[in-house]
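This is a predicted model, so every value here is computed, not measured. Each chain gets a letter, A, B and so on, in the order its sequence line appears, and its residues count up from 1.
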Amino acid sequence: MATADDIEARILALLTAKVKQDVAVTRDTNIVADTGLDSVSVMDFVLELEDEFDINIPLDRIAEVKTVADLAAAVQDLGGSS
Amino acid sequence: MGIKDRIAAVEATYGRLRALGRDPSRLEFQNVWSPTEATLEGRPMMLFGTNNYLGMTFDPEVLEAGTAATRALGSGTTGSRIANGSYGGHKALEAEITRFYAKQHCIVFSTGYVANVGMITALGGKDDVLLIDADSHASIYDGCKMADAETIRFRHNGPEDLARKLKRLEGHPGDKIIIVEGIYSMLGDTAPLAEFAAVKREAGEGVYLMVDEAHSLGVLGESGRGQCQATHVEDDCDFIVGTFSKSVGTIGGYCVSNLAGFDAIRSFCRPYMFTASMTPGTVSTARAAFRRMAERPELRARLWSNCSALYRGLGDLGFETGPEVSPVVAVKLRAPEIAVALWNRLIDEGVYTNIAIPPATPNALSLLRVSVSAAHTETQIERALNIFASVGAELGIIEPGAGRAERFHVITGGAAAKAGGRTRPAPQGPASAAATT
């Protein structure tokens, strides 16, 4: 299983590529409030994460996520590896 | 965020729209006198944003059935069928829809929204998994939110993504319910149901397929049953849901299935149990409309010839449209402000369409949703295309076109052009009260 740091780094790389605004994305970035992504774009970003980590991420798990660190914890919890 | 904050946020959004013209949430039609004509702001309007695909709302037999039932049985049922009992019409409508689909069971719901929410909450129990298309209608998302099951979203029209997600669920003990739509309401694209059905079969036992035919009932398939029929996978569609609010021309919804014991769902489906049932008037209207749909297959043929004329006409003018000919023709625009401007100018000129901007749209698209009806005449479509041409050029969305008249002639048969009744719009002309030119 991937380490928490590794998961976080991969999420940060994917999210940085996705965010068009000139904001630095960190583990404390609030994915909705700080990135300029709307709710649908965030859900589409989750589709990319599901491919990246070869996991399914249920919608209710996304609802609980605020920051990149929360998302990394959820991905690790769901068994994200590959 | 409290209610006052949410109200303020909405008012700010609509305020920005109002600053650019009309507020789409506050339009009021003073009169509607046919499936394609109404009065808005005191002026006649051609309706191209109704979902009235077969023009059923003014069919004389449909109107007579609805009014006769209202007079005979009263204006409402004043309760749910579980509490107050069913009327004969409810049972007859269910039996007729069962026969129409050649399935074994049918449950009728009070609206299409309630049909989706009701079926999804009934199917998606604790430990089950709902797998939904990313572009699903709000009623599907809301049903998932209300259900005890987990929800997983797969890429729009992506059977491969669905297959990957089902594979990850191998060994998971609960039911898996795949939910897709026949025609998607924003871009008018159809689902690749044969591919989805193959993925479902491959996934084995305990995997079900539910298809929402809201926009495809009466529109697709040899006898109008929808995309399941058109793609020859009706046996793989375990649950077919639909609405009476589009091709059927009234309000209500249904689900048909061959699942043994399906009727028992009535006893644990809360959106069925705790809403007043369809009124006698809407039940009889729906029954008559299904009958008329079967008697008049030419309506479907006329709808498709109109769809084709409008879709190709808009494409030829240089508008970017949805991926396939459909009763929903999406006109894609570069930015929400451009969509708002085009929508407003079309209304100025007498053409009503629907506007859809983010976050209500997939992939942050800004679009006008133009819906076609069998009741549109060639002349109406030609007039609408002419107005699209002049307003589109005026707003710089399309190039002012040359040779358009010839193309229209080919596309629509050019009834008005032949009669010499069509005037060529000035590409850069100012807003005129040209609703009837």
Is the CZ atom of B:Phe268 crowded by more than 12 outside heavy atoms at less than 6.0 Å?
-> yes
Which atoms form the tightest heavy-atom contact between B:Asp161 and A:Asp51, and what is the distance?
-> OD1-OD1, 4.0 Å
When only pairs under 4.5 Å are counted, which of A:Asp60, A:Asp38, A:Asp44 shares the most heavy-atom pairs with chain B?
-> A:Asp44
Which members of residues 143-159 of chain B, sorted by number, sit under 4.5 angstrom from chain A on a heavy-atom basis?
-> B:Glu150, B:Thr151, B:Ile152, B:Arg153, B:Phe154, B:Arg155
Contacts of B:Arg26 meeting salt bridge (charged side-chain N to carboxylate O under 4.0 Å, His left out) (sequence neighbours excluded), chain-then-number -> B:Asp23
Evaluate whether atom CD of B:Glu202 has more than 12 neighbouring non-hydrogen atoms of other residues, nucleotides or ligands under 6.0 angstrom away.
-> no
Is there side-chain contact between B:Lys165 and A:Leu47, with heavy atoms separated by less than 4.5 Å?
-> yes
Side-chain contact test, heavy atoms from C-beta onward, threshold under 4.5 Å: evaluate it for B:Leu131 versus A:Asn56 and give yes or no.
-> no
